[in-house]
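Before any comments, here is the structure.
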Amino acid sequence: MTGTLADLLERDRRHVWHPYAPLPAPDPPLPVRSAQGARLLLADGRELIDAMSSWWCAIHGYRHPALDGAITAQLGRMAHVMFGGLTHEPAVALAQALVELTPEGLEHVFFADSGSVAVEVAIKLCLQYQHALGAPERRRLITVRGGYHGDTFGAMSVCDPVTGMHNMFTGALAEQVFAERPPGGFGAPLDEAYAAHLAEVVGRHASEAAAVIVEPVVQGAGGMWFYSPAIVSLLRELCDRHGLLLVLDEIATGFGRTGELFACEHAGVAPDVMCVGKALTGGTITLAATLTTPAVASAVSAGPGGALMHGPTYMANPLACAAGLASIGLLRDGTWRTRGAQIERSLNDLLEPARELEAVVDVRVLGAIGVIQLARPVDVRAATGAAVERGVWLRPFRDLVYAMPPYIVTESELEQIAAAMVAAAGAAGATVRARR
Ligand SMILES: *Cc1c(COP(=O)(O)O)cnc(C)c1O
């Protein structure tokens, strides 16, 4: 590293944009020198347990020898080649592995370079499918409030219209159809009033819509919200009834995070189109994929365009595909399931004290996801400060302090994470109270 720490931060401040941040950022970021297992090693020598798994990706922890080894071995053959007219073993093997791993019926894989792009590809597939069936007017999407599907324009159009970025881009975004947010509670039985509402919205807009798109069971960046799998089953029925495709965005939920390999397995349904990303490469290199059925693929291929109209420059990057294949290899022994169940039990116990805090309105846990919801927006500076003091990296947003730790986290690391979450929620709440 060149220069001192202060110099690095100064150059960062001057030139580098961080996510959802103004320039310069109000708070300096923490410089990370390296990472190992569940831990980030900061440039100033401190060590933090990463309870975020780097935005939910690093499920096996950092510098896992199987992942790093696969990337290094692939680097010795080629870092990248274009995917138009060429192919390679890592892409074919990963596609095959994804087809085997995902629900019945998904047989074809389109590789994209990020989750947002995988969602764009899913949207194109649905519109092209309806066009091929002779219904080009069916081009709107039906979704529920509270969702998050990415930051590109098509993806943004199906994010929550209030908490998403709709206000800023009014007029520039496609106008989609929004049903109310599903009522909360993973274990809740099907809410009859909500079921009737969904059926009404889908029925009313079916003739102008191509598909329904949702995050199954867990809405992630839209609010860390858990809802009943029965609603996912209902959406499957409604789509079948009205000739709509069902798109399930498993970018956040896929690869074991919710206690099943894919969240739609809680509902026992398979989508027509599925998006995966984030943990696909175990947090090493950006890669995402859109999977679909032979029915959709053959209709689109026989349709007016004669092809799926997408093709990223770095499509199916071999290094990323090799990492993805290695990550799936690590999932195959099934320890993710026992670890996930253990993390769920521990977080349930360890987060219990948060319920006593004045500012806390809800504490919820599903699989390897733990959430403390406050009555008001979190003071992010106070909350992250309290967590860092306790050796834990958290990145709260809106009214939420949450953790999505790597599956390899130990019991004592979980205790430290939970204590930091409770302290962060306390600090955020206390700050809010003091300001009132
Ligand atoms: C993160 C996320 C995306 C976007 O993925 P990027 O790789 O950040 O573009 C889309 N959908 C869901 C559910 C996500 O959690």
Side-chain angles (χ1 to χ4, degrees), residues 17-21 52-59 102 110-126 141 143-161 163-165 173 176 181-182 211-227 232 235 246-258 260-264 266 271 273-291 310 312-317 320-321 323-324 327 366-369 371 395 397-398 400 402-404:
W17 232 306
H18 285 266
Y20 306 105
M52 300 285 93
S53 302
S54 273
W55 269 340
W56 328 343
C57 299
I59 52 175
T102 52
F110 188 99
F111 287 112
D113 30 23
S114 74
S116 301
V117 175
V119 170
E120 299 292 331
V121 170
I123 294 172
K124 279 191 187 176
L125 262 177
C126 295
L141 300 166
T143 185
V144 296
R145 289 178 180 265
Y148 175 80
H149 296 281
D151 290 350
T152 51
F153 275 78
M156 266 199 298
S157 75
V158 283
C159 290
D160 185 85
T163 60
M165 290 170 273
L173 286 181
Q176 313 294 14
R181 184 169 76 167
V212 170
I213 178 170
V214 293
E215 295 157 277
V217 182
V218 174
Q219 292 182 315
M224 309 305 294
W225 186 251
F226 308 157
Y227 67 91
V232 182
L235 286 172
L246 178 63
V247 181
L248 293 181
D249 179 349
E250 293 256 12
I251 292 168
T253 50
F255 306 105
R257 183 54 72 180
T258 70
E260 293 289 346
L261 206 42
F262 296 96
C264 62
H266 291 292
V273 179
M274 180 190 268
C275 300
V276 295
K278 288 204 164 87
L280 171 58
T281 65
T284 54
I285 305 180
T286 181
L287 183 70
T290 308
L291 286 88
H310 211 93
T313 304
Y314 280 87
M315 186 167 178
N317 173 260
C321 289
S327 178
L366 180 66
I369 309 171
V371 183
R395 186 73 176 160
F397 70 104
R398 258 194 275 154
L400 303 162
Y402 75 98
M404 288 214 195

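Whatever order the structure lists them in is the order used to number ligands and atoms, beginning at 1.
Each of the following atoms of ligand 1 lies closer than 4.0 Å to a heavy atom of His149: 10 (C), 11 (N). Close contacts of ligand 1 with Glu215, meaning ligand atoms under 4.0 Å from a residue heavy atom, involve 13 (C). Set against the non-hydrogen atoms of Gly150, the atoms of ligand 1 under 4.0 Å away are 4 (C), 10 (C). Shown in contact with Gly115 at under 4.0 Å from a heavy atom are these atoms of ligand 1, numbered in order with element: 4 (C), 5 (O), 6 (P), 7 (O), 9 (O). Within ligand 1, the atoms closer than 4.0 Å to a non-hydrogen atom of Ser116 are 4 (C), 5 (O), 6 (P), 9 (O), numbered from 1 in the order shown.
The two residues Ile251 and Val276 come nearest to each other via the heavy atoms CG1-C, 3.8 Å. Closest approach of Ala323 to Thr284, counting heavy atoms only: CB-OG1, 3.3 Å. Closest approach of Leu287 to Ala112, counting heavy atoms only: CD1-O, 3.6 Å.
With a heavy-atom cut-off of 4.0 Å, Tyr148 touches ligand 1 through backbone and side chain alike.
Atom 15 (O) of ligand 1 has as its closest protein heavy atom Lys278 NZ, 2.6 Å. What sits closest to atom 11 (N) of ligand 1 on the protein, heavy atoms only, is Asp249 OD2, 2.7 Å.
Residue contacts with ligand 1: Trp56 is placed with no nitrogen or oxygen under 3.5 Å of a nitrogen or oxygen of the ligand (distance criterion only).
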With ring-ring contact (aromatic ring centres under 6.0 Å, His included) as the criterion, how do Tyr20 and Phe397 come out once you've worked through the C-alpha distance, each side chain's angles and the decisive distance to 0.1 Å?
CA-CA 11 Å; Tyr20 306 105; Phe397 70 104; 9.7 Å; no
Determine, step by step, whether Thr281 and Ser327 satisfy the side-chain contact (heavy atoms from CB on, under 4.5 Å) criterion, reporting the C-alpha distance in whole Å, the side-chain angles of both residues, the deciding distance to 0.1 Å, and the verdict.
CA-CA 6 Å; Thr281 65; Ser327 178; 5.9 Å; no
Asp249 and Val214: side-chain contact (heavy atoms from CB on, under 4.5 Å), yes or no, with the steps?
CA-CA 6 Å; Asp249 179 349; Val214 293; over 6 Å; no
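With a 4.5 Å cut-off on side-chain heavy atoms, Thr163 and Asp160 count as touching.
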